[in-house]
Every structure is written in structure tokens, then in C-alpha cells.
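Note: hydrogens, waters and symmetry copies are ignored here, and every other heavy atom, side chains too, is used. As the structure lists them, so they are numbered: ligands from 1, and atoms in each ligand from 1.
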Amino acid sequence: MRRVSMLVQAEKCAFLLDDRERDELVARPPAVGFSREQLRTLRLSQDEGVAARAFHDGEAIVVDANTALSTLDQVWTRRLDVRNFIAYPLVLERRDETERLAERVTVGVFLVLNKRGGSPFTPEDLRLLSVMSRQVTAVIADAQVYLQLTEEKEQLQATLQSMGSGVLMIESTGHISLLNPAARALLDLPAEGTDGAHFEDAIKNEPLVNLLREATLNGKESGVELEVELGEDHEPRVYQAQTAFVRGEKAGVPTTLGVVVIFNDITEIRNVERMKTQFVSTVSHELRTPLTSIKGFISTLLQDTEGYFDNDTRVEFYSIIDNECDRLRRLIDDLLNVSRIESGRALQMNWSLFDPIVGIERVMQAQRSYTDRHELLLDYSGQLIELLGDADKFDQILTNLLSNAIKYSPKGGKVAVHVEKDEHDLTVAISDQGMGIAPEKLDKVWQKFERVDNRDTRQAGGTGIGLFLVKHLVDRHEGTIDVSSVLGRGSTFTIHLPLRPKEALAELEGGIQDS
Ligand code: ADP
């Protein structure tokens with residue numbers, strides 16, 4: 001640029017490049033005779049003015065003190081104190097293998113401003129510029145390719161940096177050429193000092209080192225599961241690491257440039273698999289227990305051909321069988337409901353107006369028959385409540401919560417159902433004096449198949465779907481459910497239900513008010 005300004009005796013010169021997104025010609029460094037700010041703000045429209053014309057027509061335009069200028073040109077020439085100038089198109093010519101002209105692209109405009117001494121630019125200046133502009137264009141073309149490459153590289157790097165999956169790349173010599181933050185974290189490697197190191201020196205994870213050896217020494221792509229502890233709290237996570245060769249060309253010959261390892265976090269998948277296996281075994285157990293008892297009592301009754309058992313005993317046996325059948329049916333209903341929710345179908349609601357206290361008393365009565373260690377108490381003395389809801393599902397919510405309260409207080413105690421009603425909501429709190437739930441497990445009890453696993457809960461039996469269903473049923477009533485608990489002291493599950501859920505009102509459309 002300095003040489004150009006010297007040859008044509010110009011005070012200033014700059015080139016403007018085509019900014020296609022904005023339809024502008026934009027000045028780019030380097031330039032001569034411009035302050036940084038002047039250069040940054042030099043942007044000309046591609047629709048109007050001398051530069052635009054030179055750009056579109058591919059012809060140089062010489063402007064002197066007598067040339068009539070458009071408003072746009074008047075503005076920028078006055079701002080930069082320009083009295084005369086040349087706008088010279090920068091034309092890039094691409095040639096094919098036979099040196100024939102394949103393409104002509106105008107990439108921008110070259111501006112040469114203010115001939116020294118105040119005289120106008122001459123045809124001789126134009127000739128000099130035509131020679132120089134070819135060089136300038138070639139340099140710009142290279143620079144643009146370079147810029148594009150750096151931009152693409154930056155984009156790729158940003159993607160790799162922010163990716164959740166880990167990426168590690170090693171050259172065919174075994175030296176690390178790329179390690180993104182996710183990979184760094186899971187391999188517990190420091191931020192510095194690993195780039196360029198050999199994987200055998202840098203990486204301590206034995207299975208991964210073997211995997212990389214397998215790739216670099218034996219030329220085999222393979223995968224391995226890595227169990228790692230992440231972060232300061234040593235959170236256990238499972239990653240699937242898979243190698244793949246990076247193939248490319250070196251001097252026209254296909255070759256392997258290196259090996260890339262992708263780390264995918266499969267902790268959740270493994271957890272779900274583990275839970276499912278556990279679930280199948282607990283469900284089988286839960287199904288077998290009532291069946292064994294039903295079978296036992298029926299066999300006993302069948303064997304009694306002599307009429308040894310009196311009527312009361314027989315009735316007691318029958319009622320046990322009846323209860324166990326109910327238990328089986330509930331379990332199967334729960335399982336069906338879960339699979340319905342799983343497949344994305346919301347549970348169908350049968351809306352009606354009913355008195356929840358009647359439902360609560362019925363469920364409590366049923367639950368009393370399962371225990372003689374617990375005292376089940378209802379605490380409500382208010383007026384009649386009319387709840388708009390699904391009566392069966394309301395029963396199901398209470399049955400689940402009450403049976404849990406009993407099941408998880410094996411030593412017995414009080415199970416209290418406290419009911420409150422205000423203008424819009426019904427609140428039901430069920431509290432027990434049982435084993436309680438550890439604070440860190442409180443959030444998890446709503447997840448399906450989730451059971452707080454310890455000796456006491458294992459003994460109590462269960463499938464881990466009860467509270468998942470309860471939560472879903474409460475949601476369908478547009479209500480909320482919370483739990484508070486003190487380990488070893490007991491738990492309280494509290495539900496808030498709107499007396500008039502919007503969905504029900506919409507469905508019944510005024511029918512309720514009329515009735
Ligand atoms: P399940 O009882 O079949 O295991 P739930 O979904 O009903 O499944 O409950 C999930 C877990 O929450 C239970 O395994 C238990 O550990 C805990 N839990 C539920 N209710 C209580 C309660 N009242 N007291 C203590 N722990 C409870």
C-alpha cells in the first residue's frame with residue numbers, strides 16, 4: 001500500500017471489499033493516510049456513488065475537483081478532506097489448468113486519494129495502478145481464503161469446546177493434537193501441558209490407553225466403556241469411548257492422519273437399564289407375594305375336607321384372599337397406568353363432583369384392615385366439601401399415600417390425614433411416624449422405579465412406581481404435591497388440589513353450575 005501511494009504520489013490509499021451481507025464496500029487494513037477510526041468507519045453503499053460504479057462496471061473512474069459528486073460521495077469525501085481520487089476495481093482472475101481465464105470476480109475497489117501537490121491524477125497513474133492492483137488483488141484473494149479458513153477453524157473449535165461429548169485426537173505418532181474441555185474433565189487432565197504430549201505419558205486411564213494402543217499399534221477401531229469419577233464430588237459416570245481413524249491425503253497419497261476418540265456419556269442409559277432389571281425382579285417379587293398367600297389359604301381350605309375350620313376362621317381366610325386379590329389388582333392397574341403414561345397418553349379423567357371426605361374415609365377403612373399396629377386418624381371438622389375431580393383417581397392417590405405411610409412405618413404409630421379447605425383449594429396432608437426419608441433422597445421419590453434403597457425399605461417391598469403415579473394423578477387434577485420428612489421420625493405428604501380444575505370446567509362447560 002505504501003508503494004502504491006508513493007508511485008502515484010497519493011496522500012492516502014485504501015481498499016474496500018465487497019460485504020455481500022450488507023451490500024456495502026468496506027475498508028480493511030492495511031491503508032495509508034487513515035486513522036484507525038477513519039478506516040473502521042469507511043463503508044460505502046454498493047448502490048450509489050463512484051466506488052459503487054467502479055465496482056459494478058469493472059472500470060476505473062477518475063474524479064477531480066470539477067467532477068459532480070452524489071450526496072453520498074460528498075459526505076465521505078468532505079469528512080476525509082478528499083479533493084480528487086481514483087476508484088479502481090479490484091478484479092480477481094481465476095485461470096484453469098491450461099491458463100485460460102475461467103472466472104472474473106470483482107472483489108472490491110481500490111481508492112487512491114489526493115494527488116500530492118493538488119494536481120489531478122493522470123492516465124499514467126491509472127496505468128501504474130493497473131499493474132499494482134493485480135498484485136493487491138492476488139494478496140487479498142489469499143487473505144480471504146486464509147480468513148475463511150481461520151473462521152471455519154474457529155467455528156469448529158468453538159463447537160468442539162462447547163460440546164457435551166468428549167473429543168480427543170491424536171496424531172499417528174501418538175501425540176495429542178486436540179482435547180476438548182469435556183474430554184479433559186472426564187480424563188481429569190490439567191488445562192495446560194497435554195497438547196503435543198504422547199498419550200502414553202499424559203493419559204492415566206488404563207482401558208483408554210489400551211484402546212489407543214489398539215488403534216495406533218494394531219490399526220483397529222474399537223470401543224470401550226469407561227467408568228470415571230467426575231469433578232470434586234467424584235460423581236460416578238459411565239462413558240462409551242469409541243476410536244475412529246482420521247483419513248486424509250498426504251502429497252496425493254491416501255493415509256491415516258491420526259485417531260479420534262469420541263466419549264459419549266451413557267450414565268443415564270446404564271442407570272435406566274439397571275433400574276429396569278431391578279424393576280422386573282421387584283415386580284415379580286411383588287406379584288408372587290400375594291399369589292403365594294392366596295394359593296396357601298385356598299389350599300388350606302381345600303384340604304379341610306373334615307370341616308375342621310369354623311365359619312369365622314373361614315371368613316377370615318376369605319377376607320385375606322380378598323385383600324390379596326385387591327393388592328394384585330392394584331399393582332397390575334399401576335403397571336398399566338405407568339405404561340400408559342410412558343407411551344405419552346395422558347390418563348383419561350372422569351370428572352364429577354364428589355365429597356372427598358367420603359373417599360378418604362373409605363380408603364382409610366380399607367387400609368385399616370391391613371394393619372393392627374397403626375392408628376389411622378382423620379382430622380377434619382369443616383363443612384361439606386365438593387371437589388370437582390376424578391373420584392377413582394382421588395382414591396388411588398390416597399390409597400398409595402396411605403399404604404406407603406403404613407408400609408414405611410413398620411413399628412406402627414399414628415397415621416394422620418389432615419384436611420383443610422379454603423375458597424379455591426383442598427389440602428390433604430398425610431403424615432406418619434415411620435422411618436422418614438433422607439434429605440438428599442427427597443427429590444427423587446417421584447421418579448419412576450426409584451426406591452430409597454436400604455434394609456428397611458427392602459423389607460417393606462415395593463416397585464417404586466407408586467409416587468410416580470401419585471404425582472401424575474395430582475398433576476392431572478392441576479394440583480401440587482410436596483413431601484417433608486425427618487429421618488427416623490416420619491414423613492408428611494401434602495397435596496393441594498383446586499376445587500375446580502380448569503380442564504374439568506372446560507369439559508363440563510357450565511353443566512356443574514346448573515346442577
Ligand atoms: P414403592 O413404595 O413401591 O417402593 P413409591 O413410589 O410409592 O414406591 O415410593 C418411592 C420410595 O419413596 C419408596 O421406595 C420409599 O423409599 C420412599 N417412601 C415413600 N413413602 C414413604 C413414607 N411415607 N415414608 C418413608 N419413605 C417413603
For [Y], does its backbone N or O pair with a side-chain atom of [X] as donor and acceptor, under 3.5 Å?
X    : Y    : answer
S485 : G436 : no
S293 : T289 : no
K471 : V445 : no

What about F493: any of its N or O atoms under 3.5 Å from an N or O on ligand 1?
no
Would you call E225-R270 a salt bridge at under 4.0 Å N-O?
yes
Between S431 and H418: side-chain donor-acceptor atoms closer than 3.5 Å
no
Donor on one side chain, acceptor on other, R368 and Q365, under 3.5 Å:
yes
Below 4.0 angstrom from a heavy atom of [X], which ligand 1 atoms are there? Numbered from 1 as shown, please.
X    : answer
G464 : 1 (P), 3 (O), 4 (O), 6 (O), 8 (O)
S491 : 22 (C), 24 (N), 25 (C)
K407 : 1 (P), 2 (O), 3 (O)

Within-shell test, G434 vs ligand 1, heavy atom, strictly < 4.0 Å:
no
Could a heavy atom of W446 be found less than 4.0 Å from some atom of ligand 1?
no
Set out, in order, the CA-CA distance, both residues' side-chain angles and the distance that settles salt bridge (Lys or Arg N to Asp or Glu O under 4.0 Å) for R237 and E229, then state yes or no.
CA-CA 6 Å; R237 309 231 41 117; E229 290 184 342; over 6 Å; no
Where's the contact between [X] and ligand 1, heavy-atom distance under 4.0 Å: side chain, backbone, both or neither?
X    : value
L467 : both
D432 : side chain
K441 : neither

